[in-house]
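Here the structure is laid out as structure tokens; the discussion comes afterwards.
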Amino acid sequence: MKKPRAFALCSIALVLPLCLFAQAPSLSVQVDHPTAKVNPNFYGLMTEEINYSYDGGVYGELVRDRTIGRGFGSLNHWPMVVRGNALVNISADESTGPSDALTRSLRVTVTKADKDDPAGVENDGYWGMPVQPHSTYSGSFYAKSDTPGLAINVSLQNDQTGAAAATATVTGLTSDWHRYTYTLKTGDVPASSNNHLILTIAQPATVWFDLVSLFPPTYHDRADGNRSDIMDLLAAMHPHFLRLPGGNYLEGERIADRFDWKKTIGPWTDRPGHMSPWRYRSSDGMGLLEFMDWCEDLKMEPLLAVYAGYSLAQQHVDPGPALEPYVQDALDEIEYVTGGPDTKWGAERVKDGHAAPFPLHYIEVGNEDEFDRSGSYDGRFAQFYHAIKQHYPDLQIIATAPVKSVTPDVLDEHFYMSAEESFSQSHHYDSTSRSGPKIFVGEWATREGDPTPNLEAALADAAWLTGLERNSDLIIMNSYAPLFVNVNPGGMQWATDLIGYNALSSYGSPSYWTQVMFSTHLGTEVVSYDLANTPPRVYAVVERDEATHKLFIKVVNANSTAQPLAIDLTGAKKLAPQATLTTMSGKSPNATNSITSPNAVVPVKRTISVSGPKFTETFAPYSVNVLVLSY
Ligand code: AHR
């Protein structure tokens, strides 16, 4: 890539007359000269439980704190319900629960109630629960009562009006723990996000609840599956892999808080939930198998990160015998994902409901282990590497920090940048040595905008991506992070997240649309190109698709003025006279999308005429562009 010579010269007053001879900004492309192969799995998703990404996010569960968590603020989401003269007391009961893993429950003691004045408990969801007209919500709970035959009335009610969108009754409780199901069907009601779930009884009695649950219709109608609107946004990104389960969420604050995958599989009664490093409890409803289902639904491969003996509060496990149980856990986890029914953990997966093994090619050992000040990662990585390679020689193993004792197949590098940094780092990998491991840019983002990135960030992201794509002989995959944020007050722990949502709706940020534009126009090869005589803040990358004979020219103009480019294509034998140009732009770099204005900045596609291999195209101020030509 050449530097923008003419503008540099023009800035020197002494040589001002030379400007008269300055050449026009241009993009010369050698269509028949590929410079790097592009990995078809280049774009993927990075995910973890942060900003209410799963609980209160993509995982469809509407009930908050369904496992009746311990600690400060316990029962905050379970206020009592008292109508008229009814009397009720609620508390957390440490002495009884539906399973060995769930030994605590919600006790509701009603001392006065009748049909007209019932009493009970409500759940406020994740900043409300959504109601859509003509929808079916599937619910369940575990319960027992001191009053055999007790009936529970369930309803989904509006916070403000108290109007019930749907009601149901569950009868026949016994003195033992059992699971009960119910269905709430809405009629011709307005869509709203401010609803709550109410469980009441109409007589004096004590009832214990646990695992109270309610799901809306889910993506692909999976039982207890994912939210459709958010999955639709993800599907539009055409992601090829899902990096899971983190991030810091893999490591946990302490070793005891790590993502302990064996406690996230099987029936909910086997899942105690755990504390996330982002300061709230995870239900672990999004467990290992649910991650795999998510991959299957979006035709992605898992990129499985295994816990590697380091947690954020500088707790680590020394390499050697102490680390062996963790290595074995990782091997078991791989077997759960990929093993046949004749293997111990493969059989467990079959029992949990998924007969076929999942495809798996990449294992990441830990997360950001350069922060482990004990210096133990080299030894820990080597121990995992040798054990995994011995059992699964075909798996590619990713290190999260440079190591010396063994050469990883891939190194994961993370970048959180200001817009200026992203722009200036767009050539970061141009001169990186090609003799080391391949690179996975497993977390990156331009951090401008809150809760979701603005147009300036999207432009800078696009500039950065031109650099990643140009160097795709070295960079084999990349994923933006974090992916999600619940935009309600208190929902965000990390500002600048790709997709925002509340209980009812979701939207993609301008950076999301940059991802969509780039990932859905990915060639098979980068071709030789020269962007010349442009001012600063203009970037490009050019690829071709060998099979479809499409040329993808991605141009970023992060300036306030339109940018003409004289485009010169050589080696394109049969250039079609029509092309498409997709542009995302805005009036100001601060332009953005939000939950109330979700489509302020979105890509717009149009057809343009191309007169021949030399033509001029003008790119709008503050714009990300993809020009698609057939050659
Ligand atoms: O993406 C947010 C956090 O940033 C991730 O959990 C961690 O890996 C990184 O430091």
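All ligand and atom numbering here is 1-based and tracks the order in the structure. Just so you know, these numbers come straight off a predicted model, no measurement behind them.
- Contact annotation: the side chain of His361 never approaches that of Gln396 to less than 4.5 Å [non-hydrogen atoms, C-beta and beyond].
- Protein residues with a heavy atom closer than 4.0 Å to ligand 1 are Glu48, Gly247, Asn248, Trp278, Asn367, Glu368, Tyr416, Glu443, Pro482, Trp494, listed by chain and number.
- Annotation: side chain of Thr452 is in contact with side chain of Val485 (closest heavy-atom distance under 4.5 Å).
- A salt bridge links Arg243 and Asp412; the closest N-O separation between the charged side-chain nitrogens and carboxylate oxygens is under 4.0 Å.
- Here the shortest heavy-atom pairing between Ala591 and Pro510 reads O-CG, 4.3 Å.
- Residues Glu49 and Tyr280 meet the side-chain proximity criterion, which asks for heavy atoms closer than 4.5 Å.
- A side-chain hydrogen bond (donor to acceptor under 3.5 Å, both in side chains) with Tyr249 holds for exactly one of Ser276, Ser53, Ser282; it is Ser282.
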